[in-house]
Structure formats: C-alpha cells, structure tokens
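The structure appears below as structure tokens.
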Amino acid sequence: MQNRRISLFLLAVGLAALNLPVAGAEYRLTGKVAPDFALRSAGGTNVRLSEHRGDVVLLAFFGSRCDQCGDQLAALGRIVDTYQSAGLAALAVNVDDDQGAAAEFISAHRTSFPMLLDPGKSVARSYRVDNLPMLLLIDRAGAIRFVHRDYRSGQEAAYMAQTRQLLDE
Amino acid sequence: MNRSFIQSALLLAMLAATATAFPADESAAPATAVTASAAEAPAAEPATDAAAPVATPDTRALDEEIQAIKKDVVDLNRDLFVLEEELLFPANTQVAVFLSMDVGAFFALDTVELRMDDKQVTKYLYTPREAEALLKGGVQRLYLGNLRVGEHELVALFTGKGPNGQDYSRGAQVKFEKSVGAKYLELKISDRQRKQQPEFEIRDWE
C-alpha cells in the first residue's frame, strides 16, 4: 500500500516536472554578449546584429505554427514605434523549415522592423532557442539582459518597462 | 562540539562582513572628500566667483586619472588582441584573404563564399552598410587561418546583383604556393567598362 502511494507520488512529481513551463528554466546566455549574426530579411536585404550596437535591441524568434507569435510581434511593433527615436531597434527571426509558410505568415503579420529568415536554424541554435515565441532584450553594449520564453496577453507592459530600463542606462 | 562550530561560523561571518565593508568604505572615501572640500571651500574663500567650481583641481585630477586608466585598458586590449593573433595564427602558417571593391557599378555584392582546398572556410553575408564601406575604399579581412607549407587552391564564389539588377553569381580560383612566411591574398571586384561586366580576380601579395 505504502509502495503504491510512493510510486503514485513519484508519478505525480514526474508529470509536474514535464509540465513545468520552459520560461522557468534558467537561460544560460543572460548577461553574456549576444552572439553576432547576419541574416537575409524577407525584404531581401541583409541585416547584421552588430550594426545595432549602441541601440537597445528586441530580438524575437518566431514560427508560423506558433499561436502567440503574431500577437507578440504586434506588441513589439507598438513598442518599437514608441521608442524607435530613443534608440530602440527590433529584429524578428523566423525559424520555419517551410519557406512558403514563413512567407505567408510574414505577409499576414506586417511589421515596421525587419523579419529575418533562419531556415538553417544556425542563429536559433546559437541563441539556444527552446520555445516559441522567444524574446531577448539586448542592451546598448550588446549584452543579453532579459529573456521571455512565452507570450501572454498583458506581458507587453513588462516588455515596455524592461525596454525603458535599458534605454535609460 | 556544536557550540564551537556555531562560534567559528559566527567568526567567519563577521570576518566576511568586515572584508566586504572595507573596500566599500575606501571607494566611498574620495567621493566624500571631494564633496567635503567643495562644501568647505566657499566658506574659506567667500570672495571667489560663485560660478567657478571650487573643487575643479580635485575633479580634474580624478578625471585625468580615469582617462589614463581608460587608455591603459585600451592599450592592454590591443596588446592582448595582437598576442592572441600571434599565438593562434603564427607567421609560418598564417594565410589571410582580403576583399576589396573598385567602383561596383555592375555588381552589388551580397555574399562571398571561400573554399580552401575544396573545404568551405567562410561564407560572409554583406549588409548594405558593409557593401557601401567597401565601395568607399575599405578593405575587409575576410578570412584568417592556418595552412601548411605547400600548394593550395582557393576558390571564391561571389553572389549578388549583376549589371541589370538580376541575380548574378561568379567564381574565381587561384592555386598558390604557401611558403614559410605569412601568405596574403586579395579578392578584387572591379568593373570592366568595355564589356559592361564586373570582374573578379584573386591577387597574390608577394
């Protein structure tokens, strides 16, 4: 009887661990310099992260099959439109294998900032992207300061506060 | 046993607390000294102009000291960079490939891929800003690596937009002899006016 209880308890703990949100896990690159990259944008021009050194950068990873990605990109668009003149830039990186699906998603979610294509996922790997959407806030010195591994409605306020903090530094 | 353990733990905690407290006091000391002198100085010399900052000599000295430290850091960083390059790429095995562009009316650079002895060593994507810098006369060190003495082959693949704005891809290759000294090669993109076409060549800097 007691053995059964213990095994049930262990099973419950295991299931709880499986359901732990990725957002709670530690992100190893926080505080470190953001790895540099150059990617082609959906518009055809090439974009390099290091060219934005001196700006605060919102770096978002998204995919066409992710439910919250469109909402997050819209929220980022509003933040960028507000703080662009204060030195804020945003880059969104698509990690779809299917370039047709990526193009369709991008045309349905137009933004004022570049949408970059990473079909080989080399950039996503270097940033250890483990969930979509994923947002990194990079300070003016190029260090990763804040990470969000999901998006819920209302989170825009937190993005805004953290962005303002980095812009004020 | 337990009591002595608690006592030693408390002693260690106190030592740690004093160790952390002292540097903070030391760093705070110059700041308080400056403010104190700034506050006291007007009282000692009331005839001086109110707009003139009395603590200027102190702050100037501090500023000079900060600038000197900054310069030392920059110099040290440069020395470390040179040392790192010398260690990683010693002159007897070093090979460097540079890229330059001349005019560029017939070619808008997008990507350069380098293959050394049939193995890709770099693939570089150019942003509009980088391409513009090259057109203004900049020379980019595209690749730095090590090669053994002997014959080697370098292949460069250039992609971009051609004379009519169409996708354009060309290659250039060179066989070169790597001797004991460092080897420098230059990829040069220029315009051939007569043919209205871009020209890609690899030069060996002897």
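Nothing here was measured: the structure is a model prediction, and the numbers come from that model. Letters A, B, ... mirror the listed sequences (proteins, then strands); counts begin at 1.
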Backbone N or O of B:Leu125 within a donor-acceptor pair of the A:Arg48 side chain at under 3.5 Å?
-> yes
Within-4.5 Å side-chain heavy-atom neighbours: B:Thr127 and A:Thr45 = no
Under 6.0 Å from the CD atom of B:Glu151, do we count more than 12 heavy atoms belonging to anything else shown?
-> yes
Apply the test side-chain contact (heavy atoms from CB on, under 4.5 Å) to residues A:Asn46 and B:Arg129: give CA-CA distance (whole Å), side-chain angles for both, the deciding distance (0.1 Å), then the verdict.
-> CA-CA 10 Å; A:Asn46 300 329; B:Arg129 206 193 269 186; over 6 Å; no
Output all residues satisfying ring pair (Phe, Tyr, Trp, His ring centres under 6.0 Å) with A:His109, sequence neighbours left out; order by chain, then residue number.
-> A:Phe105
Kindly check if the number of other-residue, nucleotide or ligand heavy atoms within 6.0 Å of CG (B:Asp75) is above 12?
-> yes
Among pairs that include at least one residue of residues 103-122 of chain B, which meet ring pair (Phe, Tyr, Trp, His ring centres under 6.0 Å), considering only residues two or more places apart or in two chains?
-> B:Phe107-B:Tyr168, B:Phe107-B:Phe200
